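Just the heavy atoms: all of them, side chains too, but no hydrogens, waters or symmetry mates, feed the values below. Remember, predicted model here, so these are calculated numbers, not experimental data.
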Amino acid sequence: MNAARRAGYTLVELLVSSVSATILMAGLASALFIAGQALEGRSASVERCQAADVQSTLLADLEHATSFVERTSDVVTFTVPDRNGDGAAETLSYSWTDAAGGELRLSVNGGPAVTVLSGVKGFELSWSSRDMRKADPAAAVPNPDVWGERW
């Protein structure tokens with residue numbers, strides 16, 4: 001007779017299971033929230049990679065520069081050897097503007113400036129120079145009597 005009375009759940013058992021299910025769901029919801037925040041952090045690393053790519057391209061372009069037209073802290077305009085096969089040197093101009101959240105722009109041969117990187121919070125170029133004029137040929141002749149100049 002006692003087994004027949006025990007066919008269902010008591011109110012206390014239902015409340016305990018409901019509370020434990022609620023705690024479990026709250027834990028899962030917070031785990032999903034944290035995972036969502038981690039995915040948003042991924043965009044920052046993607047932006048860093050894009051900035052590194054643009055920096056690498058800028059440095060490669062500067063490495064091939066043959067002459068400079070303008071050199072300031074936020075603009076550099078220079079010529080590089082022919083890139084498009086028309087037989088004429090190309091003029092590249094990188095410029096940074098603080099407007100619209102900061103943009104680094106590239107203009108080729110005086111054309112419209114194209115944004116190559118946005119969200120640039122700070123950008124500054126600094127310059128050092130050296131004299132590349134031809135040296136005195138008489139000074140370049142090594143003296144065989146001086147040990148360091150024999151080779």
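- With sequence neighbours excluded, the residues forming a side-chain contact (heavy atoms from CB on, under 4.5 Å) with Asp82 are Asn84, Asp86, Glu90, listed by chain and number.
- Scanning for side chain to side chain donor-acceptor pair (under 3.5 Å) contacts around Arg71 gives an empty result, with sequence neighbours left out.
- Here Leu92 contributes atom CG and Asn109 contributes atom CG; the two are 7.5 Å apart, rounded to the nearest 0.5 Å.
- Proximity of a side-chain donor or acceptor of Asp74 to a complementary backbone N or O of Glu124 within less than 3.5 Å is not detected.
- Judged as a side chain to side chain donor-acceptor pair (under 3.5 Å), and not counting sequence neighbours, Ser95 has no contacts.
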Output side-chain donor-acceptor pairs under 3.5 Å for residues 21-31, partner residues at least two apart or in another chain, one line each.
{"residue": "Thr22", "atom": "OG1", "partner": "Ser18", "partner atom": "O", "Å": "2.8"}
{"residue": "Ser30", "atom": "OG", "partner": "Ala26", "partner atom": "O", "Å": "3.4"}
{"residue": "Ser30", "atom": "OG", "partner": "Gly27", "partner atom": "O", "Å": "2.8"}

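- With hydrophobic clusters built from ILVMFWY side chains whose heavy atoms lie under 4.5 angstrom apart, Phe68 shares a cluster with Val108.
- Taking Ile, Leu, Val, Met, Phe, Trp and Tyr as members and joining any whose side-chain heavy atoms lie under 4.5 Å apart, directly or through other members, the hydrophobic cluster of Val12 also contains Val16.
- Residue Leu59 shares its hydrophobic cluster (ILVMFWY side chains chained together at separations under 4.5 Å) with no other residue.
- Val114 belongs to no hydrophobic cluster with other residues, because no ILVMFWY side-chain heavy atom falls under 4.5 Å from its own, directly or through intermediates.
- When side chains are defined from C-beta on, Leu62 does not count as touching Tyr94, because their heavy atoms never get closer than 4.5 Å.
- Through direct or relayed side-chain contacts under 4.5 Å between Ile, Leu, Val, Met, Phe, Trp and Tyr, Leu11 connects to Leu15.
- By the side chain to side chain donor-acceptor pair (under 3.5 Å) test, Ser67 is found to be paired with Thr79, residues two or more places apart in sequence or in another chain being considered.
- Remark: Asp98 pairs with no residue by the side chain to side chain donor-acceptor pair (under 3.5 Å) rule, at least two apart or across chains.
- Atoms CG and CZ, on Leu58 and Phe123 in that order, are 5.5 Å from each other to the nearest 0.5 Å.
- The minimum heavy-atom distance linking Trp96 with Val120 is given by the pair NE1-O, 3.2 Å.
- Every residue two or more places apart in sequence or in another chain that forms a side-chain contact (heavy atoms from CB on, under 4.5 Å) with Ser93 is listed here: Val75, Thr77, Ser107.
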Could you pull out every donor-acceptor pair under 3.5 Å between side chains of residues 50-57 and any protein atom, sequence neighbours left out?
{"residue": "Thr57", "atom": "OG1", "partner": "Asp53", "partner atom": "O", "Å": "3.0"}

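- Connection of Leu106 to Leu125 is established within a shared hydrophobic cluster, with ILVMFWY side chains joined at heavy-atom distances below 4.5 Å, either directly or through further cluster members.
- Between Val80 and Arg83, the shortest heavy-atom distance links the atoms CG2-NE, 3.6 Å.
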